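Right, one structure below, let's go through it.
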Amino acid sequence: MQKIGVGIVGYGPSATTFHVPFLQASEHYEIVAVLSSKPEKVRADLGDVQVASQLHELLQNPKVELVIITTPTSLHYEMVKEAIHAKVHIVVEKPFVVTTRQADELIELNKLTGKILSVYQNRRWDNDFLTIQRLYQEGRLGEIYHFESHYDRYRPEVRDRWRENAGPGSGILYDLGSHLLDQAIMMFGMPKAVTADVQAQRPGAKTDDYFHVILHYDRLRAILHAGMLTVQPGPRFQVHGDKGSYMKFGFDVQEGAIQDNQPLNAPHWGQEEKEWYGELTTMVEGKPVTEKIVSERGSYHRYYDQLYEAIRLGKHVPVHAEQARMNIFLIEAAFKSSREGRTIYLD
């Protein structure tokens, strides 16, 4: 089948780490245009492609069938709207937009085009999260009552970049929180209520750099946490069910592998070392027994594989905009809970 012509909007770390390598490694895509203020870097990396200075220039390229928007979150709404009017397929980096109202407007507007509007939630294909899903589906955890997910780092210095400057869509809850919320929604659906504490903890912080969010289900509690002042992180995941508990340290290996220029077609791509395997503890004859669980292989490439099948074959879209809209709805509820110091019950 004909390759999909791709226009990339923005050429920062998001584009060069999480999109370009997977597009180049796939036989289904061809990068034909890039919106960037650094044409030399683009052409050094990608060769003879169109380098546009304005979005409308890129959208006028007849070869562009799919637009991937990797700009700061505050720009997503206007850029997605312009791309919708151009009647192309669209992928936008997480988080989708800044407000639920923006998400609703774009979703409704895009329905008139018949094109795909998807949000890039690559952490659905992290090795640890895939492993938890497998254990849950196999029944080895039983009914889950406690799901805890952390994204802790030690970055005490505030950096001068848009994610750490004050403004719409900046801060750690929009950035890392969108990953953790998406995974929780994938596992359990929408909660009944949200309780959150969102803070700017570091000296000189201009936006939030810490959050502790509790999603209330029936008896289940999903605890999502992130901070920038954690010298020694605890478990990345701890999941407790009535049949077993799973503990996992460390992060998915794919981002580091890309930064180390490891080939995506390497035979062990996405597979972590045994020392980082998580542990499952179950009760056997009244005694706890712990075993190492081989981690699933991380597979970010599956997003673009599935997107190709959705565009060319009409199959399932890997991440629907409607799903990403739920994410923004919960972020807004978390901010409200933190501001007002109370639990927010959801309709």
Side-chain angles (χ1 to χ4, degrees), residues 4 6-10 14-15 18-19 35 55-56 58-59 64-125 167-171 173-175 177-192 194 215 302-304 306-336 344 346-347:
I4 296 171
V6 178
I8 299 177
V9 181
S14 173
F18 295 110
H19 297 276
L35 173 59
L55 180 56
H56 68 85
L58 181 146
L59 293 172
V64 172
E65 187 176 353
L66 167 67
V67 169
I68 301 172
I69 296 172
T70 70
T71 54
T73 307
S74 62
L75 302 177
H76 287 182
Y77 168 73
E78 292 295 344
M79 286 186 159
V80 171
K81 192 172 184 178
E82 188 172 348
I84 288 172
H85 286 304
K87 296 183 180 179
V88 293
H89 299 291
I90 302 166
V91 170
V92 58
E93 255 292 351
K94 63 81 200 168
F96 182 11
V97 282
V98 177
T99 69
T100 307
R101 181 176 294 180
Q102 290 177 343
D104 289 340
E105 180 184 342
L106 295 177
I107 289 168
E108 288 303 311
L109 186 62
N110 191 68
K111 287 179 180 178
L112 302 175
T113 69
K115 301 295 184 178
I116 288 170
L117 174 58
S118 179
V119 178
Y120 188 68
Q121 289 283 3
N122 62 306
R123 298 291 175 180
R124 293 186 183 188
W125 292 276
S170 69
L173 183 55
Y174 273 105
D175 184 20
S178 61
H179 286 310
L180 304 191
L181 286 164
D182 183 70
Q183 290 176 338
I185 293 169
M186 284 284 292
M187 287 287 294
F188 310 115
M190 288 292 279
K192 294 184 175 181
V194 177
L215 305 181
R302 283 166 58 184
Y303 175 86
Y304 277 113
Q306 291 179 23
L307 183 67
Y308 174 81
E309 292 179 346
I311 293 174
R312 286 287 183 257
L313 304 175
K315 293 188 177 182
H316 176 72
V317 178
V319 183
H320 284 281
E322 289 83 353
Q323 294 173 325
R325 184 257 188 208
M326 298 178 189
N327 198 308
I328 303 305
F329 181 75
L330 292 182
I331 288 175
E332 290 185 308
F335 275 121
K336 183 176 182 180
I344 302 298
L346 309 178
D347 295 330

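Here the structure is a predicted model, which is why all the values come from computation and not from measurement.
- Side-chain contact check for Q183 versus R124: every heavy-atom pair is 4.5 Å or farther apart.
- Of all the heavy atoms in H76 and P95, the pair that sits closest is ND1-O, 3.0 Å.
- Side-chain contact between L117 and F96 is present, with heavy atoms from C-beta onward closer than 4.5 Å.
- Within the model, atoms NE2 of H56 and CG of L58 stand 10.5 Å from one another, a figure rounded to the nearest 0.5 Å.
- Looking at E65 and H89, their side chains come closer than 4.5 Å, going by heavy atoms from C-beta outward.
- A donor-acceptor pair under 3.5 Å is absent between the side-chain atoms of K192 and the main chain of L346, judged by distance alone.
- A salt bridge links K111 to E108: at least one charged side-chain nitrogen sits closer than 4.0 Å to a carboxylate oxygen.
- Each of T70, T71, I69, V9 was checked for a side chain to side chain contact (heavy atoms under 4.5 Å, CB included) with L35, and the lone residue meeting it is V9.
- Relative ring orientation between Y120 and F18 is described as tilted, the plane-to-plane angle lying within the 30° to 60° band.
- Between L109 and H85 there is a side-chain heavy-atom pair separated by less than 4.5 Å.
- Relative orientation of the Y304 and H19 rings is perpendicular, given thresholds of 30° and 60° on the angle between their planes.
- When all heavy atoms of I331 and L173 are compared, the closest pair comes out as CD1-O, 3.9 Å.
- No side-chain heavy atom of Y77 sits under 4.5 Å from any side-chain heavy atom of V98.
- Listed here is the closest heavy atom pair of V119 and A321: CG2-CA, 4.5 Å.
- For CZ of R312, the number of neighbouring non-hydrogen atoms (other residues, nucleotides, ligands) closer than 6.0 Å is greater than 12.
- A salt bridge does not link D182 to R123: none of the charged nitrogens lies less than 4.0 Å from a carboxylate oxygen.
- Side-chain contact check for Q121 versus N327: some heavy-atom pair is nearer than 4.5 Å.
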Worksheet item: Stepwise, does the side-chain contact (heavy atoms from CB on, under 4.5 Å) test hold for V80 with V97?
Response: CA-CA 9 Å; V80 171; V97 282; 5.6 Å; no
